[in-house]
Number of protein chains: 2
Amino acid sequence: MVMQRNTWQREAVRSALDTQMGFVSAQSLHSKLRGSGSHIGLATVYRALGDLASEGQADSLQSPEGENLYRACSRGHHHHLICRSCGLAVEIEADDVEVWAKRVASLHGFTQAEHVVDVFGYCSSCVAPSAESAANPVSARK
Amino acid sequence: MVMQRNTWQREAVRSALDTQMGFVSAQSLHSKLRGSGSHIGLATVYRALGDLASEGQADSLQSPEGENLYRACSRGHHHHLICRSCGLAVEIEADDVEVWAKRVASLHGFTQAEHVVDVFGYCSSCVAPSAESAANPVSARK
DNA sequence: GGGCTTATTGATAATGATTGTCAAAAGCGA
DNA sequence: TCGCTTTTGACAATCATTATCAATAAGCCC
Ligand SMILES: [Zn+2]
Ligand SMILES: [Zn+2]
Ligand SMILES: [Zn+2]
Ligand SMILES: [Zn+2]
C-alpha cells in the first residue's frame, strides 16, 4: 500500500553502513556522514537504519551501554562476537544454541520466543583497558 | 575503605525486590514503593538496585525496549527465560552455552569476554498480544 | 544521651539517546 | 511540468538514567 521512494539519503546511509566493518550507532554514523560533507539529518539516519533493520538488510543489537547498534547484514539468522572498543564484529552461528533456546522456551510453556545471544570482549587489535585483575566479577554496571 | 551504612531505604528496596516474582525496572519498583506509602526517592532506588546488582544480590538485564530490569538473585551465574508481559522469569542454566561462549571468544582472539544470553516470550499465563501471524518476522523495532 | 564525622538521601537539574512534529522539499507517475 | 504523497530535517518532546549538592541520619566515641 505504501510506496517506498528512493532518496540519496537512504542510499547514503546504506553505503555508509557498508563501509563499516563493525557495529555503529545511529549517532556515530550520522557524525561520520556529516564529517564527509553530507548534510543528512539525524532523524533521517535513525529512520533509515530502522528501516534497514526491519527489512533484514541490517543487523541490530543493544550495546551493554544501552545504545542501539547497527551493521550491514549478510543474510539469515546469526549472532555476533563484538569488540567493545572498535565495534568489530564476527558473525557466529550456533545451531546448538538455536535448538537449545527453542527447547527451553517450549519446555516452560513460553510462546513467541525470541532470544538475545551476544558475546562482547576486546578483539586482538584492541588493548583491554585497565583490567582490574580480580575486583569486578563480570558485568558490574558502571 | 568505605563503610557501608544500613538504611531503611536499602532494606526497603531489597525486600520490595524479593516480593517480585519477576524482573522489574527501577522506575516501576519506585512506583510500587511509593504506592505502599514509602517516601523513598527515585535516585535512591536506582542506587540501591545498582549496588545489589554489583554485589551479586540481584540479577540485571536489558529489556528489548532498552530498560534495565532487576530481580532478586538466587546465586551463581545463570540466564533467564523472561515473559514479555508479566516479567515472570525462569532461571536457566546451560553449561553447553557457557563453554560455547568461552570457546568462540578465545577462538577469535577476544579477551575479557562476557556474554548476553536471554530468551524472551510470553508465559503460559499471559496471552500473546494480537499475534500478527505472518507480518513481522521477529524483532521489528517499534 | 550528646556530639562528630561522613555516608546517604532526595529534590531537582542535567544528560543523552531516541522519537514526535510539521512545514518545506523532493520522488514519481501522469 | 503538474499534482499528489512520501520523505526530510530542524527542533521540540520523551524518558530512562546520572549528576548535583545541601540537608539528613548512621555508626561511633565520650
Ligand atoms: Zn577491537
Ligand atoms: Zn539465534
Ligand atoms: Zn507472563
Ligand atoms: Zn552464561
Side-chain angles (χ1 to χ4, degrees), chain A residues 1-17 23-55 57-58 60-71 84 87 139-142, chain B residues 1-17 23-55 57-58 60-71 84 87 139-142:
Chain A
M1 290 305 108
V2 279
M3 190 190 326
Q4 178 91 309
R5 293 180 181 176
N6 297 319
T7 64
W8 63 264
Q9 286 93 335
R10 260 200 253 280
E11 201 43 55
V13 170
R14 194 198 314 274
S15 73
L17 200 58
F23 278 85
V24 281
S25 67
Q27 298 279 353
S28 155
L29 199 62
H30 177 246
S31 298
K32 290 179 197 299
L33 283 165
R34 281 302 182 89
S36 313
S38 172
H39 282 186
I40 193 170
L42 176 59
T44 301
V45 174
Y46 269 98
R47 281 184 292 241
L49 287 175
D51 289 349
L52 287 175
S54 58
E55 287 169 28
Q57 299 201 62
S60 73
L61 56 80
Q62 282 178 45
S63 75
E65 291 71 39
E67 236 182 340
N68 279 112
L69 305 181
Y70 299 84
R71 182 186 183 216
R84 277 183 190 296
S139 56
R141 217 161 282 286
K142 171 197 53 187
Chain B
M1 292 304 113
V2 279
M3 191 190 324
Q4 177 92 306
R5 293 178 182 178
N6 297 317
T7 65
W8 63 264
Q9 286 94 335
R10 259 201 255 280
E11 201 43 56
V13 170
R14 194 199 315 273
S15 72
L17 199 59
F23 278 84
V24 282
S25 67
Q27 298 279 353
S28 155
L29 199 61
H30 177 246
S31 297
K32 291 178 196 299
L33 284 165
R34 281 303 182 91
S36 313
S38 172
H39 284 188
I40 193 171
L42 177 58
T44 302
V45 174
Y46 269 98
R47 282 185 290 241
L49 287 175
D51 288 349
L52 287 175
S54 59
E55 286 168 27
Q57 299 202 62
S60 73
L61 56 80
Q62 282 177 42
S63 75
E65 291 70 40
E67 236 182 338
N68 278 109
L69 305 181
Y70 299 85
R71 182 184 182 216
R84 278 184 189 296
S139 56
R141 219 161 281 285
K142 172 195 52 186

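To find a chain, count down the sequence lines: A is the first, B the second, and so on, and within it residues start at 1. Just so you know, these numbers come straight off a predicted model, no measurement behind them.
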| request: Provide, to the nearest angstrom, the distance between the CD atom belonging to B:Glu67 and the P atom belonging to D:dT18. | output: 12 Å
| field | Residue pairs fulfilling salt bridge (Lys or Arg N to Asp or Glu O under 4.0 Å) with at least one residue in residues 39-55 of chain B, sequence neighbours excluded | value | B:Arg10-B:Asp51
| query | Can you tell me how far CD of B:Glu67 sits from CG of B:Leu61, rounded to the nearest 0.5 angstrom? | reply | 11.0 Å
| said: I'd like to know whether A:Tyr70 forms a side chain to side chain contact (heavy atoms under 4.5 Å, CB included) with A:Leu29, so could you lay out the CA-CA distance, the side-chain angles of the two residues, the decisive distance to 0.1 Å, and finally the verdict. | reply: CA-CA 9 Å; A:Tyr70 299 84; A:Leu29 199 62; over 6 Å; no
| Roughly how many Å is it from OH in A:Tyr46 to C1' in D:dA12, rounded to a whole number? | 15 Å
| Pick one: which of B:Val45, B:Leu42, B:Thr44 meets side chain to side chain contact (heavy atoms under 4.5 Å, CB included) with B:Leu33? | B:Val45
| A:Gln27 side chain: which of D:dT17, C:dT9, C:dT18 is closest? | C:dT18
| query | Can you tell me how far C1' of C:dT18 sits from CG of A:Leu29, to the nearest Å? | reply | 15 Å
For nucleotides 10-14 of chain C, which of its nitrogen or oxygen atoms have a protein nitrogen or oxygen under 3.5 Å away, and what is each distance?
residue: C:dG10; atom: OP1; partner: B:Gln9; partner atom: NE2; Å: 3.2
residue: C:dG10; atom: OP2; partner: B:Gly41; partner atom: N; Å: 3.0
residue: C:dG10; atom: OP2; partner: B:Thr44; partner atom: OG1; Å: 2.7
residue: C:dG10; atom: N7; partner: B:Arg47; partner atom: NH2; Å: 2.4
residue: C:dG10; atom: O6; partner: B:Arg47; partner atom: NH1; Å: 3.3
residue: C:dA11; atom: OP2; partner: B:Arg34; partner atom: NH2; Å: 3.3

| Separation of atom CG in B:Asp51 from atom P in D:dT18, rounded to whole Å | 11 Å
| field | From OG (A:Ser28) to CZ (A:Phe23), nearest 0.5 Å | value | 13.0 Å
| Between D:dG27 atom P and B:Arg10 atom CZ, what is the distance in whole Å? | 10 Å
| query | Has A:Asn68 got a side-chain N or O lying under 4.0 Å from the OP1 or OP2 atom of C:dA17? | reply | no
List, with names and distances, any nitrogen or oxygen atoms from the protein found under 3.5 Å away from nitrogen or oxygen atoms belonging to nucleotides 28-30 of chain C.
residue: C:dC28; atom: OP1; partner: A:Asn6; partner atom: N; Å: 3.1
residue: C:dC28; atom: OP1; partner: A:Asn6; partner atom: ND2; Å: 3.4

| Between atom CG of B:Asn6 and atom CD of B:Glu11, what is the distance when rounded to the nearest 0.5 Å? | 8.0 Å
| remark: Here the distance between atom P of D:dT18 and atom NE2 of B:His30, to the nearest Å, is 15 Å
| request: Go ahead and write out DNA chain D as dot-bracket, 5' to 3': ( ) for pairs within the strand, [ ] for ones crossing earlier pairs, | when the partner sits on another strand, dots for unpaired; Watson-Crick or G-U wobble, both distances under 3.5 Å. | output: ||||||||||||||||||||||||||||||
| remark: Here the pair of heavy atoms bringing A:Ile40 nearest to A:His30 is O-NE2, 3.2 Å
| For residues 28-42 of chain B, which residue pairs qualify under salt bridge (Lys or Arg N to Asp or Glu O under 4.0 Å), counting only residues two or more places apart or in two chains? | none
| field | Minimum-distance pair of heavy atoms, taken over all atoms of B:Leu69 and B:Ser63 | value | CD1-CB, 3.7 Å
| remark: For B:Ser36, the side chain to side chain contact (heavy atoms under 4.5 Å, CB included) test, sequence neighbours excluded, returns none
